[in-house]
Amino acid sequence: MYPTKNPWLFALALQASLFCAPVYSFCGFYAGKADATLLNAASQVVVARDGNRTVLSMLNNYQGALSEFALIVPTPVVLERGQVRVADKAVFEHLDAYSSPRLVEYNDSDPCRTEFNWGQNLYPAYSSVATPAPVMEMADRARDRALGVRVDARYTLEEYDIVSLSAKRSDGLEIWLRENGYKIPAGASAALQPYIKQGMKFFVAKVNLKRQSQSGYTMLRPLQFAYESEKFMLPMRLGMLNAPPDEAQDLIVYILTRQGRVESSNYRTTRLPTDVNLPPFIKPKFQDFYRAMFQTVSQREDYRDVFTEYFWDMSWCDPCAAEPLSRAELEKSGVFWLDGDVEERFKSLQNPTTRGPSQVPIPAGGALPVMLTRLHVRYTPRTFPEDLMFTQTNDQRNWQARYIVQNPYGGSVAECSEKVGMMDCATMCSERVAGIRAVLGPNETREAPLGAVDDEAPSVTVRASNSPLAAYRGKSGVVLRGECVTACRASKTQGLEAAMHYYQRDLPERIAAEKQVLARLTGWSLHDIDAMPEAQRFSMADPSEGRSSVSSVEQPQVQTWWQKLFSK
Amino acid sequence: MVAKAIFEVATSAVRHPDGTQRMSKTRALLSALGAGFGRLDARWFQIVFLASFLLFGALARDFALSGIQVVACFAAGLTTQALWQWGLRLPQRQTWRGYLSAIVSCFGICILVRSDNLWAHPLLACLAMSSKFVLRAGPVACRSHILNPANFAAFAAWAWMGGCWLSPGQWGADTLTALWFLALGGLVTQRIARWDVSVAFLLTWATLLALRIILLGYAWNPGAAMWLQEIANGSTLLFAFFMISDPMTTPHHRGARLLYVVAVASTACVWQYVYFKPHGLIVALFVCSWVVPVINTLCRHDRFTWEAPRGIPAVGGHSPASETAPAREAS
């Protein structure tokens, strides 16, 4: 399921291994995502907007009999034939995958590091600046007039029968819809009234069962409308008609803009917690984590907030939950400003007769002037009394809901002790001193331990003082070996101490802190968290585990040379 | 004096159990408190309120505002104010009174404007402060700046500057209850400079929004909740108590002032709900402010002054001191 095999991610992983020296650097490995499929009944809407031009796509999550399906969307203008098209659901699934909250993982490096560099820094380091590559049958006209309803357009589009209506009275509209076979909930007129009063039109669609069976599609495909209006809003209230006042529903809105991030102008828009470290065992349970966390944060705000889950320049991603959408996919999702004459392209979306020939070949590559805002709302009819309105900001700072797991290094103090014990300082030092002498030449080191005077030219001395070699120059072999052995022993002690700190103090403290964060974000109890299957591996209470376990920490056993000798 | 009144009220409760005497003593205490409080410049209340607004918003409501932006905004705002005052040799340049308005304006800019860079806030603060000294009009007796600095900054940020935006929905309705109480508290204690403007605006705005909801045919549910959602908004609160109520940029004649407020609210309503354009209140005030000097010329009245003479509450009233206030005082 996770696109861990795709080349994009492979490239990302390669890049991470090349450039990410510090463990906490930004380029982690993509480890999982929490997309819309894990929500039971999330409505999904894609809005592509630039200026007052809007392309709105509605993804139906309708589960019942197709004969019962009716879609009624209040629209600012009458949607004529050509202003509506049936879109490809796959594009929207891609949009979902690309923008979903993601889990990244990092791996701890081996804490048992004996940084014994003595005698090896013989050449000036070349600084290399590694820049990570970013990234829808005519009815009786007299009857219509009596009901105050005017049919502005009627057509069949693929598997949909579509009618665009203007209405004068909401009760007339409700009756018209029922008489024309639309299954609409009781009391719909009260909800339709404000839209009529605002001068809005109605886009009504039902499934043409004959066409549907011919098309071969089993699922309803998204409908896409193109129109011009100052109104930057989503008529979400109509969907709440039959819902109990406190029943929460999910809505995910993907907004594609040219200029910047989009937020709600009439509800508070906030961001999900992000960049938090979670315990490593949450990785297989990431979707459960996201569900629990979203429920906790939205409940804490009494289901009154709009949550930003993602805002990113569509040209790239880091890390990528899925590849960015291609130009062709963006056009399918309604983006009309990519190439050429924007007006021409938008008209082509509104008028099918000009659509075909006006297609401008899309040049490959280059940055795309498209910003994606992903908003997630969990609302109840009580908490969202007004339709959702948006405003486009000038904010262009990329942001994502990103969660991090830091995998502990799979070792133990005992292993470190063994590794350190195997370092033979005497032998290593002999080799390194020889190496130094080979680089410096016989005249740069003295054989005599004391008293000899260097007769280097002053220019050489000045040059040498900035060289790594300066530390070794002018010393006898015995002195160099002595310094080397001291450095070697110090590095062994240092490596062992670092491993002890890591396994006995830092790692248990870090995992305990990560569990607290997990408990706070999800509302899970620490007891439940400890009961998670993978959690035991990281529990101090279980001493039976060996590798990859904090509990496997043993007391250090530093072997002296004679212990090693006598134990043989 | 206040301590003495408290002591007398406490002792009278023991000496006069019938309560009548206690009532008069309580009144004495309130009057003593009021007198002490009344001598304070109203801008102190504004500063305390706006500071808590900013802190609350930044800490609890995730204002997406960095500390550096706030510091830079204040530094630039106060420096600009100082430069203009010293340059024009204004009498209040060496006292804290000369900088109170600048502090209030900087708080307003920080609360209203969002930016993805570090230069926008200080630049807006400079422009806002300078506008007080450059954009001046009206009859000589009550000549003052035309635009409310925070309103000018917010309008400029939205209309002219890239990388800036306004977030009208950023407060969330529920958590504002405390702030509403505080603001209303200020209103009751006459700590809002032009309390009549605040009240008139809130009544007009609430009525217009209610009318819209009724005319659109919304049922009681969700109509009432919608109305509350639109009214109980941080932007509305800030606008009512700290922007449109700026005594320097509203007409000095009370009747004209109230008509002006109704005009601003109506313009905002049309802009936002007929033309569906954003930030109605900010835009409406910016546009209507240019008419204030004309109103002041037609309906002559004393100029407002922030400083209160001893014993006379400064706020909401007009003191004799306003006659002698320097014509170019830009506070």
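Only this structure's heavy atoms are used, side chains among them; waters, hydrogens and symmetry mates stay out. The structure displayed is predicted, hence computed values, not measured ones. Protein chains get the first letters and strands the later ones, always in sequence-line order, with residue 1 at the start of each.
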Check your understanding: Would you say B/Pro222 and A/Glu386 make side-chain contact, with heavy atoms under 4.5 Å?
Key ->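 B/Pro222 vs A/Glu386: side chains apart.
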Review point. Can you check whether B/Glu230 reaches A/Asn266 side chain to side chain, under 4.5 Å on heavy atoms?
Key: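 They are not in side-chain contact.
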Review point. Could you walk me through whether B/Phe276 and A/Gln198 pass the side chain to side chain contact (heavy atoms under 4.5 Å, CB included) check?
Key: CA-CA 11 Å; B/Phe276 303 101; A/Gln198 284 180 72; 4.2 Å; yes
Exercise for review: Might you work through the side chain to side chain contact (heavy atoms under 4.5 Å, CB included) test for B/Met161 and A/Asn394, ending with a clear yes or no?
Suggested key: CA-CA 9 Å; B/Met161 284 173 68; A/Asn394 287 320; over 6 Å; no
Check your understanding: Going through the checks in order, is the side chain to side chain contact (heavy atoms under 4.5 Å, CB included) test met by A/Phe384 and B/Gln229?
Key -> CA-CA 9 Å; A/Phe384 271 66; B/Gln229 164 87 14; over 6 Å; no
For [X], does the [atom1] atom sit with more than 12 other heavy atoms under 6.0 Å from it, leaving out its own atoms?
| X | atom1 | answer |
| --- | --- | --- |
| B/Trp220 | CH2 | no |
| A/Arg169 | CZ | yes |
| A/Lys197 | NZ | yes |

Check your understanding: Considering only heavy atoms, which portion of A/Ser265 lies under 4.5 Å from any heavy atom of chain B: side chain, backbone, both, or neither?
Key ->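 Both backbone and side chain.
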Review point. Of the backbone (N, CA, C, O) and the side chain (C-beta and beyond), which part of B/Ile213 lies under 4.5 Å from a heavy atom of chain A, both, or neither?
Key: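 Contact with chain A: none, neither part.
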Practice item. Output the distance between atom CD (A/Glu230) and atom OH (B/Tyr275), rounded to the nearest 0.5 Å. Key: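 Taking CD in A/Glu230 and OH in B/Tyr275, the distance rounds to 11.0 Å.
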**Study point:** Contacts of residues 113-124 of chain B with chain A (heavy atom under 4.5 Å)
**Key:**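 B/Ser115, B/Asp116, listed by number.
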Practice item. For chain A, find which of B/Ala219, B/Gly223, B/Gly163, B/Pro278 contributes the most heavy-atom pairs closer than 4.5 angstrom. Key: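 The candidate making the most pairs under 4.5 Å is B/Gly163.
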